[in-house]
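Remarks on the structure that follows.
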Protein chains: 2
Amino acid sequence: MAKKQISDVRRFNRTFSQRIGALQESYQKLGLPLGEARLVYEVGTTGIDVRDLRNRLGLDSGYMSRLLRKLEERKLLATHASAADARVRRIELTAKGKRLFADIDRAGDTVAAGLLAPLRPADRQRLIEAMADVERLTRAAAVRIGPEKASSPAALWCLNEYFAEIAARFDAGFNPAKGLPAPIAEMTPPRGVFLVARLDGRPVGCGALIVETGFIGHIRRMWIASEVRGLGLGRRMLDALEEQAAELQLRTLRLETNRNLAEARALYQDAGYREVPRFSDEPYAHHWFEKALRRRPAP
Amino acid sequence: MAKKQISDVRRFNRTFSQRIGALQESYQKLGLPLGEARLVYEVGTTGIDVRDLRNRLGLDSGYMSRLLRKLEERKLLATHASAADARVRRIELTAKGKRLFADIDRAGDTVAAGLLAPLRPADRQRLIEAMADVERLTRAAAVRIGPEKASSPAALWCLNEYFAEIAARFDAGFNPAKGLPAPIAEMTPPRGVFLVARLDGRPVGCGALIVETGFIGHIRRMWIASEVRGLGLGRRMLDALEEQAAELQLRTLRLETNRNLAEARALYQDAGYREVPRFSDEPYAHHWFEKALRRRPAP
DNA sequence: GCCATTCTCTGACTTTAGTCAGATAATATT
DNA sequence: AATATTATCTGACTAAAGTCAGAGAATGGC
């Protein structure tokens, strides 16, 4: 990577850190500390479960609890047990809290308008487009891939999206009952792994590795959400699956794909998979691939 | 301003706040709090005067002093009186401090490289260009214009740049001794004002208003640094000068300009100045302008 | 039905990041 | 030479933003 590129990116990060610092100061005039304002803003007009809020803001549960008590005392929000699960508490803003939310929201608008105000209309449009580009292109770096339970809500959501997509793209649609099955148990250690790609916590892709007899692994259910496609995530998912395979001491990886998924085929070929004769009964597949893994160096 | 534009900008600010939050966490692994790391980083390998550091970081002098003592105890930096002015203390990093600086620097590189790493070369280039666009276009919003002493270093620096530029652009060069003078005393209240435009503290433009006999003001020394040109700052400087004129109860503003400064002429015309017959002996001028100010509404 | 896990809460602390009011010494201004 | 200003430091506070251990209730998985 060119040094010039790195320093360009660093300059951007630096100036934006400053700008965002200035932005945050603008929230301070609302009469409560940043952390509390952020919390009120995240609760929003619709309310939220404490658990979700804690995950989103990444706060310690004790700290969170105390913040909530403080805001409750100020009559900005109210908590009550969730209907679905009596352990989790649901937060809703009071009328006063909603007014504060509106103030915070307005302050955000003002900051944004302040960036646009000095510009001519054409430059405003350019700024917005450039921001969209930066956002899209930096998304890839914010994606984290890791193993999760194949039965987790995120995993099931990904699989659902995956099925919906291939149903739309395969010539004859897709019926999970007819395709080669991939039971959750087989995508669970030690018989396999299920990887989920997340962007800011939200699932945006998945891939499964199923250990077959001997030293052979089977890659299944690889999917990347369209919002993050074209950023090299397919390759990263494949690399992550190979990493898992290496840890499981596998020697060969196999996978199959449908003729309509041209970008997937290109990815597999580019990643060193070579086409082999049919090895599975997957009725929706037209191409079968295989790759010999390099033996792991002893640790 | 379109609502859609504002919400687009807000989304960008939001995602980048998150990214930058993550970035800052990466510095935390260096074993000292963010504020102290930032300080060490700003001191840099060349050293800095405490005064400048305080301005740059915007810290209270007491707090700053305590931070320095803490870092001195840890043998990360050393202070000594400045040679030029025994009141100011100069900070230099010790060998240990320089090692820490290198670590911080490397962490910054790692973050930047992490943004670039997942991208293909063409996308890397696009990201960098988009970042440069965003930076350039948001610069205007970060510029602050305010009155400063015409004898201040920033003012003198601006005037120097201004002279250098017109010397290069006027047909016959520019000799300050031959031009209409603008003594510092006349650009100082109550006889006049000197405005400086600053971007993140750095001067990037200036403009002077000199009160002539009666209710007439004379605009002189208007200059905008090339790095921020094309962002509407000339107009803002002119507006700010008119604001000052209104506060001084002036009724008419005058100015003159050289034929080679086409963009300046366009600005004046656009701002409502109309060309009038020569009213001054400025030998470098070819055009004279005037504008009647609207009377200020009573406060 | 039992046991592990999840979710929230409380108590007891800590660190970070300041603010504010002087005191002191050096320099600038008049 | 007298006075004002500037730069730094010290003492005495404060608010914000956590951390960590453990308790208690509810739920999920077997």
Side-chain angles (χ1 to χ4, degrees), chain A residues 21 24-25 27-40 42-43 48-74 77-91 148-153 156 184-185 188, chain B residues 21 24-25 27-40 42-43 48-74 77-91 148-149 151-153 184-185 188:
Chain A
Q24 293 186 328
E25 276 163 34
Y27 290 97
Q28 306 250 290
K29 290 164 206 151
L30 297 165
L32 74 176
L34 210 81
E36 295 173 30
R38 213 161 50 121
L39 199 152
V40 167
E42 287 296 332
V43 173
I48 193 174
D49 288 351
V50 169
R51 167 181 52 179
D52 297 340
L53 185 58
R54 224 181 40 230
N55 279 333
R56 192 173 303 182
L57 298 176
L59 300 178
D60 170 87
S61 59
Y63 182 39
M64 167 109 267
S65 180
R66 239 174 295 271
L67 279 179
L68 291 177
R69 291 301 84 68
K70 203 183 291 179
L71 293 169
E72 258 178 343
E73 265 169 44
R74 294 222 222 161
L77 50 82
T79 63
H80 54 87
S82 155
D85 183 338
R87 287 171 303 180
V88 332
R89 310 226 87 213
R90 190 164 182 83
I91 318 174
E148 301 195 16
K149 278 190 193 167
S151 58
S152 68
L156 295 175
I184 285 178
T188 301
Chain B
Q24 293 186 328
E25 275 162 35
Y27 291 96
Q28 306 249 289
K29 289 164 206 148
L30 297 165
L32 75 175
L34 212 79
E36 294 173 31
R38 214 159 49 120
L39 199 152
V40 168
E42 288 295 332
V43 173
I48 192 174
D49 288 351
V50 169
R51 168 178 54 179
D52 297 340
L53 185 57
R54 224 180 41 229
N55 280 332
R56 192 174 301 183
L57 298 177
L59 300 178
D60 171 87
S61 60
Y63 181 38
M64 168 108 264
S65 178
R66 239 175 297 271
L67 278 179
L68 290 177
R69 291 301 85 67
K70 203 184 291 180
L71 293 169
E72 259 179 341
E73 265 169 41
R74 294 223 223 159
L77 50 81
T79 63
H80 54 89
S82 155
D85 181 339
R87 288 171 304 181
V88 331
R89 310 226 87 211
R90 190 165 183 83
I91 316 173
E148 301 196 16
K149 278 191 193 167
S151 57
S152 69
I184 284 178
T188 300

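Letters A, B, ... mirror the listed sequences (proteins, then strands); counts begin at 1.
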If I take atom [atom1] in residue [X] and atom [atom2] in nucleotide [N], what distance separates them, rounded to the nearest angstrom?
| X | N | atom1 | atom2 | answer |
| --- | --- | --- | --- | --- |
| B:Arg51 | D:dC9 | CZ | P | 13 Å |
| A:Asn55 | C:dT8 | CG | C1' | 13 Å |
| B:Arg90 | C:dA26 | CZ | C1' | 18 Å |
| B:Glu25 | C:dT16 | CD | C1' | 15 Å |
| A:Asp85 | C:dT5 | CG | P | 17 Å |
| B:Arg89 | C:dA25 | CZ | P | 14 Å |
| B:His80 | C:dA26 | NE2 | P | 17 Å |
| A:Ile91 | C:dC9 | CD1 | C1' | 14 Å |

Helix axis bend for the helix from C:dG1-D:dC30 to C:dT30-D:dA1 - C1'-based end axes, five pairs, 10° rounding: 40°
Nearest-0.5 Å distance that lies between atom CG in B:Leu57 and atom CD1 in B:Ile48: 7.5 Å
Interatomic spacing from OG in A:Ser65 to NZ in A:Lys70 - rounded to 0.5 Å: 12.0 Å
Which residues pass the salt bridge (charged side-chain N to carboxylate O under 4.0 Å, His left out) test with [X], not counting sequence neighbours?
| X | value |
| --- | --- |
| A:Arg87 | A:Asp85 |
| A:Arg74 | A:Glu36 |
| B:Asp52 | none |
| A:Arg90 | A:Asp49, A:Glu92 |

Ionic contact status for B:Arg69 with B:Glu72, cut-off 4.0 Å: yes
Per-nucleotide protein contact string for nucleotides 18-25 of chain D, where B marks a base within reach and S marks sugar-phosphate only (heavy atoms under 4.0 Å, - for neither): BBB-----
5' priority, DNA chain D, between A:Glu36 and A:Lys149 [closest heavy atom]: A:Glu36
Intermediate values then yes/no, side-chain contact (heavy atoms from CB on, under 4.5 Å), A:Leu39 and A:Leu68: CA-CA 9 Å; A:Leu39 199 152; A:Leu68 291 177; 3.9 Å; yes
Close side-chain approach of B:Leu71 and B:Ile91, heavy atoms under 4.5 Å: no
Sugar-phosphate only, base, or nothing, as touched by B:Leu67 at under 4.0 Å among non-hydrogen atoms: nothing
Short side-chain N/O contact to C:dT8 OP1/OP2 from A:Arg54, under 4.0 Å: yes
